[in-house]
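Worksheet: the structure to be examined is printed underneath.
Given the structure is predicted, the values throughout are model-derived calculations rather than measurements.
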There are 2 protein chains.
Amino acid sequence: MSRRGCLRKDNSSRRTPTIRDVAQAVGVSLKTVSRVINGDKGVSAETRKRVLAAIEALGYRPNALARSLRGRKTYTIGVIITDITNGFFSTIVRGIEDEAFARNYSVLVANSDELLEKEKLYVCIFVEKQVDGLIIVPATGSQEYLRDLASHIPLVFVDRPPRDFSGPVVQVENREGAYRLTRHLLEHGFERLAFLASDLRLPTVQERFAGFRKAMDEAGIVLHPEMVKDGAKTIHEAYRKTHELFVLPLRPQAIFAANNLVVQGVLKAIRERNLRIPQDVAVVGFDDFEMADLVQPRLTVVAQPAYALGKEAAVLLFSRMTCPSLAGETVVLPVEVVLRGSCGCEDAPQEEMFLKGVRSST
Amino acid sequence: MSRRGCLRKDNSSRRTPTIRDVAQAVGVSLKTVSRVINGDKGVSAETRKRVLAAIEALGYRPNALARSLRGRKTYTIGVIITDITNGFFSTIVRGIEDEAFARNYSVLVANSDELLEKEKLYVCIFVEKQVDGLIIVPATGSQEYLRDLASHIPLVFVDRPPRDFSGPVVQVENREGAYRLTRHLLEHGFERLAFLASDLRLPTVQERFAGFRKAMDEAGIVLHPEMVKDGAKTIHEAYRKTHELFVLPLRPQAIFAANNLVVQGVLKAIRERNLRIPQDVAVVGFDDFEMADLVQPRLTVVAQPAYALGKEAAVLLFSRMTCPSLAGETVVLPVEVVLRGSCGCEDAPQEEMFLKGVRSST
DNA sequence: ACTCTCAACGACAACGTTGTCAAGGAGGGG
DNA sequence: CCCCTCCTTGACAACGTTGTCGTTGAGAGT
């Protein structure tokens with residue numbers, strides 16, 4: 001009487017329980033348990049109840065990995081932005097996440113830091129992790145490397161179109177917004193306008209510059225090269241570039257800051273120089289943010305619908321995931337010029353509820 | 001001559017290639033290809049070269065899902081914060097993501113919106129997705145539900161300790177920071193201090209309030225209940241609560257805003273009332289952020305090392321992942337009181353490089 | 001010539017699910 | 001009584017990897 005056959009099928013050890021353990025406990029097949037978990041029909045009420053009880057008792061949790069491997073669907077999307085720390089991008093991510101959450105999807109996030117290599121690496125990692133779709137804020141450089149991938153996995157770009165590659169993009173009216181804002185500046189009578197940007201190679205920045213330029217051209221104003229500054233990728237760099245602007249023999253009368261980081265650097269430099277806004281120099285920015293409303297004077301900006309940008313990108317991605325035949329659409333969201341004090345307008349904060357007749361006390 | 005045996009093993013159709021396709025192409029076993037992919041030894045240079053060539057030719061990419069299922073490791077961690085839109089949390093996430101990236105890990109993020117149910121749901125989803133670890137900013141409520149989970153998966157909390165549950169936490173000196181800042185306010189001679197918070201049930205807020213209170217007690221100042229306001233979870237709510245503070249018969253001389261959102265609401269209300277800071281009312285905040293430096297006067301705050309908070313949490317998580325025996329540690333990071341103008345101090349912005357002798361021009 | 005070692009490689013099972021197909025029994029209609 | 005249908009259930013394979021173990025053959029040592 002050997003001990004052969006005494007198979008060590010001891011499942012009692014501390015291991016996270018699987019569907020097999022549940023089946024064994026109830027005395028049914030794997031498939032039956034699977035059916036209960038997925039709410040499939042074809043299970044008697046009696047059996048279902050027993051299976052559910054066993055699941056509860058054992059503390060069984062389905063393994064999404066196995067499910068995904070089998071079902072070829074991970075319910076996960078990848079999001080690559082340049083830097084989550086930037087309020088504009090974190091708001092986009094929030095828009096995406098909310099939409100994903102509503103559809104039972106999770107979100108993998110990555111910061112590319114505007115580095116193409118990092119972007120590529122993350123794309124590779126996320127693809128290997130079998131994400132069901134990818135939303136990308138393309139870094140400077142060529143997105144040509146995505147060509148092959150695009151036919152295998154749904155892809156959507158946000159904020160900027162990719163380079164050397166065409167795919168669905170969700171972006172804002174950069175040109176139009178910059179054009180309108182610049183015109184407004186010109187209507188105030190300013191002529192020496194400076195344009196300060198993070199990176200003129202960025203599509204968004206190019207569009208904004210085009211709008212800026214168009215307004216200038218239409219007004220017949222010559223734009224001096226030294227009034228256009230590039231490379232202000234951080235607040236500090238923007239701050240430095242602003243100072244450079246002010247040591248010029250002909251100082252700018254107004255500064256167009258091409259994004260939210262730049263405008264903060266500009267503000268900092270101006271404060272340091274004890275210049276008054278807008279009397280000594282007017283300032284406007286592209287992209288609104290909470291604090292733009294709280295500095296003195298309040299900042300005039302082009303407000304971008306960052307949250308909607310993310311949400312629409314997600315909506316577009318999901319629609320392409322269910323119906324890949326959709327052609328590469330481009331969605332352009334409207335922007336709004338928000339006039340406050342920094343452009344030279346008289347700043348009239350809207351009265352809010354609590355001020356109805358209460359303004360008295362100092 | 002029947003057609004039996006003519007098995008339809010046609011792998012040429014457009015399907016993403018697997019390790020099997022590579023093996024077939026080269027004429028070796030699955031295992032050999034696997035070895036090449038993983039850099040295992042036991043493969044001749046010749047074979048390795050041919051396998052690599054086939055991988056390249058077929059555009060093969062390993063499937064991380066299958067790998068993870070087999071290897072019981074996903075190289076993914078889950079991060080649950082309350083709202084990525086809040087600069088404090090997005091910076092924490094950045095700290096985590098950088099550390100994860102350095103270790104070849106990816107990050108799943110989720111916003112709980114301070115809703116316990118949402119937090120639970122995400123924990124459940126992430127666990128099912130087999131994340132290797134979890135970093136959580138616990139929402140208000142009890143984290144007791146994590147008790148069972150904690151023995152199965154490494155868990156680290158950031159910013160706040162969980163309730164009804166003990167686990168490793170990475171947080172800042174809330175009490176100490178608030179205490180020091182409050183003392184500073186008292187040294188300016190203010191006596192009627194108001195404390196405005198998002199939610200007094202939050203551990204961080206409780207600690208900050210305790211520090212605030214301690215300073216007040218030590219100074220022998222009675223704290224009137226109406227000087228403590230709760231429930232300012234958004235900028236707008238903080239704004240409203242601030243107005244409430246000002247219709248009181250005895251208005252506060254200084255306001256302690258318990259977080260970065262609150263301080264923005266406070267600022268907005270004060271602006272609207274045309275009060276001067278700090279002459280009419282002083283303002284200080286907990287948590288520093290870029291714009292605190294740009295409002296007029298600049299904001300005096302307790303600066304929290306948000307990035308380090310995230311980074312340390314990740315470091316702690318990874319160390320627990322490799323060595324689960326580690327007891328539940330608590331890491332407390334130091335804070336710094338940053339004196340600027342809003343507390344009543346004379347605001348002296350530090351001279352920066354560009355101002356060396358340039359200040360002249362107006 | 002024989003054994004021994006070691007490198008190179010492969011067959012097989014397993015990770016935890018779910019889709020496919022088929023079986024078994026109950027019930028209804030002729 | 002038989003056939004057909006429907007409901008419930010289960011066996012098996014497959015998803016794409018990798019760990020275990022076994023096989024083969026070349027070369028070294030005696």
Side-chain angles (χ1 to χ4, degrees), chain A residues 7-11 13 15-51 54-55 58-75 127-132 152, chain B residues 7-11 13 15-51 54-55 58-75 127-132 152:
Chain A
L7 298 180
R8 186 117 177 66
K9 202 88 184 202
D10 181 15
N11 284 335
S13 67
R15 221 200 50 223
T16 98
T18 74
I19 211 174
R20 169 167 278 110
D21 300 313
V22 177
Q24 216 158 342
V26 184
V28 295
S29 75
L30 299 183
K31 188 65 225 208
T32 299
V33 178
S34 171
R35 274 191 268 257
V36 171
I37 295 168
N38 294 290
D40 293 357
K41 57 184 175 185
V43 182
S44 70
E46 163 63 13
T47 308
R48 166 163 282 127
K49 203 164 64 179
R50 281 170 47 222
V51 170
I55 286 177
L58 272 65
Y60 165 79
R61 282 158 184 267
N63 182 324
L65 240 40
R67 262 210 246 239
S68 295
L69 179 59
R70 181 66 238 239
R72 304 172 164 288
K73 205 156 188 291
T74 54
Y75 286 93
V127 167
E128 289 188 359
K129 291 199 173 168
Q130 311 294 121
V131 292
D132 294 338
H152 293 310
Chain B
L7 297 180
R8 185 114 177 67
K9 202 90 184 198
D10 183 14
N11 284 334
S13 67
R15 221 198 50 222
T16 96
T18 74
I19 210 173
R20 169 167 279 108
D21 299 315
V22 178
Q24 216 158 343
V26 184
V28 294
S29 74
L30 299 184
K31 188 66 223 212
T32 299
V33 178
S34 171
R35 275 191 265 256
V36 171
I37 296 168
N38 295 289
D40 293 358
K41 56 185 175 182
V43 183
S44 70
E46 163 63 12
T47 308
R48 165 162 282 125
K49 201 164 67 181
R50 281 169 48 221
V51 169
I55 286 177
L58 270 65
Y60 164 79
R61 284 158 183 269
N63 182 325
L65 239 41
R67 260 210 246 240
S68 295
L69 179 59
R70 182 67 238 241
R72 305 172 163 288
K73 204 154 188 294
T74 54
Y75 286 92
V127 168
E128 289 188 359
K129 291 199 172 168
Q130 311 294 120
V131 293
D132 294 338
H152 293 309

- [ ] Report yes if a donor N or O on one partner sits less than 3.5 Å from an acceptor N or O on the other, where the partners are the side chain of B:R35 and the base of D:dG19; otherwise report no.
- [x] no
- [ ] Return the minimal non-hydrogen interatomic distance between A:D40 and A:R48, and the atom names on each side.
- [x] O-NH2, 2.9 Å
- [ ] Using modelled atom types only, decide if a donor and an acceptor are shared between the side chain of A:N63 and the backbone of A:L65 within a distance under 3.5 Å.
- [x] yes
Open item on the list: I need the minimum non-hydrogen distance between A:I37 and A:Y60, along with the two atoms involved.
Closed with: CD1-CE2, 3.4 Å
TODO: Check DNA chain D against residues 60-73 of chain B and give the residues with a non-hydrogen atom under 4.0 Å, in numerical order.
DONE: B:Y60, B:R61, B:P62, B:N63, B:A66, B:R67, B:R70
- [ ] Check the pair A:V33 / A:V26 against side chain to side chain contact (heavy atoms under 4.5 Å, CB included), numbers first and verdict last.
- [x] CA-CA 9 Å; A:V33 178; A:V26 184; 5.6 Å; no
Task: Other residues, nucleotides, ligands: >12 heavy atoms within 6.0 Å of A:K49 NZ - done: no
- [ ] Taking heavy atoms of chain A and a 4.0 Å limit, find me the 5'-most and 3'-most nucleotide of DNA chain C within that range.
- [x] C:dG16 to C:dT20
TODO: Look at the side chain of A:S68 and the backbone N and O of A:A64, then say whether any donor-acceptor pair between them is shorter than 3.5 Å.
DONE: yes
- [ ] Name the residue closer to the 5' end of DNA chain C, choosing between A:T18 and B:R48 according to the nucleotide with the nearest heavy atom.
- [x] B:R48
Open item on the list: How long is the straight-line distance from NZ of A:K31 back to CD1 of A:I19, given to the nearest 0.5 Å?
Closed with: 8.5 Å
Task: Nucleic acid contacts of residues 36-46 of chain A, taken as heavy-atom distances under 4.0 Å to DNA chain D - done: A:G42, A:V43, A:S44
Task: Atom pair distance, as rounded to whole Å: CD1 in A:I19 and P in D:dT9 - done: 15 Å
Task: Closest heavy-atom pair and its distance - B:L58, B:V22 - done: CD2-N, 4.1 Å
TODO: Examine distances only and state if a side-chain atom of B:K129 and a backbone atom of B:T74 form a donor-acceptor pair shorter than 3.5 Å.
DONE: no
- [ ] Can you see which heavy atom on B:G59 is nearest to which on B:P17, and at what distance?
- [x] O-CG, 3.9 Å
